[in-house]
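Comments concern the structure below.
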Amino acid sequence: MSEPSPVAGVVDTAEAVRAGEQRAEDVVAQHVARAKARADLNALLHLDEERALSAARAVDERRARGEALGALAGVPVVLKDNLCLDGVPTTCASRILEGYRPPYNADCVERLIAEDAVIIAKANMDEFAMGSSNENSAFGPVKNPWDLTRAPGGSSGGSAAATAAGIGAVALGSDTGGSVRQPGAFCGVVAIKPTYGRLSRYGLIAFASSLDQVGTMTRDVRDGARVLRVLAGHDKRDATSAVEPVPDYEAACAAPVSGLRVGVLRAALDQVEDPDVRAAFSAAEQSLRDAGCDIVDIELPHAHHGVSVYYLVATAEASSNLARFDGMRFGLRVTGDDLLSTYERTRAQGFGPEVKRRIMLGTYALSSGYYDAFYIKAQKVRTLMVQDYQRAFERCDAVLSPTAPTPAFGLGEKTGDPLAMYLADIFTLPPSLAGLPAMHVPVGLGQASGLPVGVQVTTPAFTEVRMLQLAAALEARSGYVCAPPALFGGAG
Amino acid sequence: MDDGKISSEQVRHVARLARLQLDDVEVEALRGQLDAILGYVAALDAVDVTALLPSFHAIPILSPLREDVATPGLTRERALAAAPASDGEGFAVPKVLEGA
């Protein structure tokens, strides 16, 4: 069984605050102090100490008055900077939104606050969530807490690095093609992307609307389960949020997994070269076998088209969504000779190179003469990928795969080659395109790299219970503790 | 122009559609990068999609209707607070029509 993490997580913090063993203000002060001490990670874009401490004091006062506290009492939260927090800078790590303060809270934020959580900071990210290394931030890259010369992954790199460094008990990220799971893998934290529609995206600044989903990053599985239960559910302000019952995800973490059929993509695995990723996968497979699962070999015959389909569909949707950043209603305006040149100059100065590249690709894929050949073709191949999973889930209850093809790569290693960077998402894209719940579970440190490694668990739509059940079993048998030696000393 | 999939003139055309001002260096860099990406996605050409419908959403979206009840919205002051320019009543924008 695992040693406890050096910094208390969601469940332990909430229970201690509810029981009066700890004051929310003290908890928040400790996390703020750690955030300041670890400014070198560049994980945060905005730390609002006064606001956080005052929110924490309000929680303590409510307890003092004898009021019952919520499921996240005093739990410090870090928000990715594409989630709106009323009156607090929300930039998507872009110059075009520098200084923007939204006039409302995201639905996720409202739900967290209603359960007495305390938002402490906004996290750095790839600009508009476009990237796999957090090197596309207009405010500088984030460093990986396990090795400061390496990337934290992306696009939720700041959220992942903060969680690994013990800043916040949970960070929210967003996941369009792997943007919580891949940084979760690079930083050794549990990262959940729920089913498309499981929770509301009201107040999440849109990147690709048929794929975007808010996800959680925590230091253990049970913590993620508790937060997911708070976030899940229908919101009338987001027509894509599903009217589905919200089960007790936390209870699922204790349920036995024996008899579950776990599908393994044997052919895809053979193409993974990294020894640590291969070893982590074999260990995870064996531990599920030991826990009584049946391992079955499966195939997703069209999964290898995931990168192509994703980079056509997501960029097309992004080119449309990002049209709203035109310098008229919010953010940067660079005045030109007329309206058109004002648009063009504002967007030229406001967007970074990767965002421009994706807007260009998406505009091209949607433009007259290419729409059917690129955009519609990609959406049809996506149908084949959805059908692949439907067939696979006739033979298994969950799919086990690597999350990323390598452990964290070095900062600067892939910035010169956009296509090579896109291939970092090869395992996370298929579940996203099929709308399925998928999560990263760390299982240990690689022997060759010394860096965190883990696996991805994917299950059918709205079966997060089963996904968490398997994740908790993997975690319990791994003995992994999230304690980067560079920050916490020793071997963890 | 070389034998790539996309020409510099096409890049400029797409940039105009996307409302992005690009300099010559950016045009050339994007031409090469878009070429490489379009070359990669050309693998989709070989996939037979006869009789398949596109998946605009991967799972069915019910889009339930909410009750037709008025709810409070943003005040004008808050809605305009983040505007680069405003006259206190609306967003101030550059002239749209000639001679207006």
Side-chain angles (χ1 to χ4, degrees), chain A residues 100-104 195-197 210 234 236 239-240 242-243 302 305 307-309 311-312 319 323 326-333 335-336 338-345 347-348 351 356-357 359-361 363-364 367 374 376-384 386 418-419 433-435 461, chain B residues 6 10-11 13-23 26 29-30 33-34 36-45 47-50 52-67 71 74-75 77-86 91-98:
Chain A
Y100 172 64
R101 293 171 187 261
Y104 67 103
T195 308
Y196 184 80
S210 78
H234 176 65
K236 63 185 178 196
T240 64
V243 184
H302 302 91
H305 291 304
V307 173
S308 298
V309 172
Y311 280 95
L312 290 168
S319 73
D326 59 4
M328 296 299 127
R329 287 150 300 165
F330 34 68
L332 180 74
R333 177 186 291 182
T335 305
D338 54 17
L339 185 65
L340 184 60
S341 72
T342 300
Y343 289 153
E344 290 177 340
R345 287 187 196 187
R347 291 161 64 80
F351 292 137
K356 287 180 188 170
R357 190 153 43 237
I359 288 174
M360 289 289 292
L361 181 59
T363 305
Y364 179 78
S367 64
F374 288 106
I376 294 295
K377 180 72 187 256
Q379 294 283 33
K380 287 182 176 174
V381 178
R382 185 181 186 182
T383 302
L384 290 170
V386 171
L419 198 51
L433 287 163
Chain B
I6 184 163
Q10 274 178 299
V11 172
H13 171 67
V14 172
R16 277 191 295 275
L17 294 175
R19 303 288 186 255
L20 279 174
Q21 186 185 59
L22 299 179
D23 61 31
E26 284 180 303
L30 277 165
Q33 289 162 348
L34 294 181
I37 296 165
L38 292 171
Y40 180 84
V41 304
L44 296 183
D45 291 348
V47 185
D48 181 6
V49 294
T50 315
L52 285 175
L53 292 173
S55 289
F56 296 114
H57 285 274
I59 54 179
I61 299 290
L62 293 174
S63 295
L65 296 175
R66 65 173 181 245
E67 288 165 34
T71 51
L74 291 178
T75 61
E77 192 187 9
R78 296 212 77 194
L80 291 175
S86 105
F91 298 101
V93 302
K95 214 178 273 185
V96 178
L97 299 172
E98 282 304 317

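Protein chains get the first letters and strands the later ones, always in sequence-line order, with residue 1 at the start of each.
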Against chain A, label [X] side chain, backbone, both or neither, depending on which of its atoms sit under 4.5 Å from a heavy atom there.
| X | value |
| --- | --- |
| B/Glu26 | side chain |
| B/Leu44 | both |
| B/Asp23 | neither |
| B/Leu52 | both |
| B/Arg66 | side chain |
| B/Ala92 | backbone |
| B/Leu65 | neither |

Among [options], who wins on heavy-atom pairs under 4.5 Å with chain A?
| options | value |
| --- | --- |
| B/Val11, B/Leu38, B/Leu80 | B/Leu38 |
| B/Ala81, B/Ala83, B/Ser55, B/Ala36 | B/Ser55 |
| B/Arg19, B/Gln33, B/Arg16, B/His13 | B/Arg19 |
| B/Ser86, B/Ala79, B/Ala82 | B/Ala82 |

### Criterion side chain to side chain contact (heavy atoms under 4.5 Å, CB included) on A/Tyr104 and B/Arg78, from CA distance to verdict
CA-CA 9 Å; A/Tyr104 67 103; B/Arg78 296 212 77 194; over 6 Å; no
Among [options], which residue has the highest count of heavy-atom pairs closer than 4.5 Å to chain B?
| options | answer |
| --- | --- |
| A/Gly197, A/Ser210, A/Ala323 | A/Ser210 |
| A/Ala378, A/Ala239, A/Pro102 | A/Ala239 |
| A/Asp326, A/Ile359, A/Leu384, A/Leu332 | A/Leu384 |
| A/Val307, A/Val309, A/Leu433 | A/Val307 |
| A/Arg347, A/Arg382, A/Arg329 | A/Arg329 |

Worksheet item: So, does A/Lys377 use its side chain to make a donor-acceptor pair with the main chain of B/Val49 at under 3.5 Å?
Response: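 Side chain of A/Lys377 to backbone of B/Val49, a donor-acceptor pair under 3.5 Å: no, none is there.
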Check: A/Lys356 side chain, B/Leu20 main-chain N or O, donor-acceptor pair, under 3.5 Å |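 No.
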* For A/Arg357, all residues meeting salt bridge (Lys or Arg N to Asp or Glu O under 4.0 Å), sequence neighbours excluded ->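 Checked A/Arg357 against salt bridge (Lys or Arg N to Asp or Glu O under 4.0 Å); matches are A/Glu354.
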What part of [X] gets closer than 4.5 Å to chain B, counting heavy atoms only: side chain, backbone, both or neither?
| X | value |
| --- | --- |
| A/Tyr311 | neither |
| A/Ser341 | neither |
| A/Thr240 | both |
| A/Val381 | both |

Nearest heavy-atom pair of [X] and [Y]: which atoms, and what distance?
| X | Y | value |
| --- | --- | --- |
| B/Leu34 | A/Met360 | CD1-CB, 4.2 Å |
| B/Ile59 | A/Tyr196 | CD1-O, 3.1 Å |
| B/Pro84 | A/Gly331 | CG-O, 3.4 Å |
| A/Arg333 | B/Pro94 | NH1-CD, 4.3 Å |

Going by side chain to side chain donor-acceptor pair (under 3.5 Å), name the residues that satisfy it together with A/Thr363, two or more places apart in sequence or in a different chain.
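For A/Thr363 there are no side chain to side chain donor-acceptor pair (under 3.5 Å) partners, ignoring immediate neighbours.
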Margin query: Distance check, rounded to the nearest 0.5 Å: A/Glu344 atom CD versus B/Leu22 atom CG?
Written below: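 Rounded to the nearest 0.5 Å, the CD-CG separation comes to 9.0 Å.
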B/Lys95 side chain reached by A/Asp338 side chain, heavy atoms, under 4.5 Å: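 In short, these two side chains do not touch, never coming nearer than 4.5 Å.
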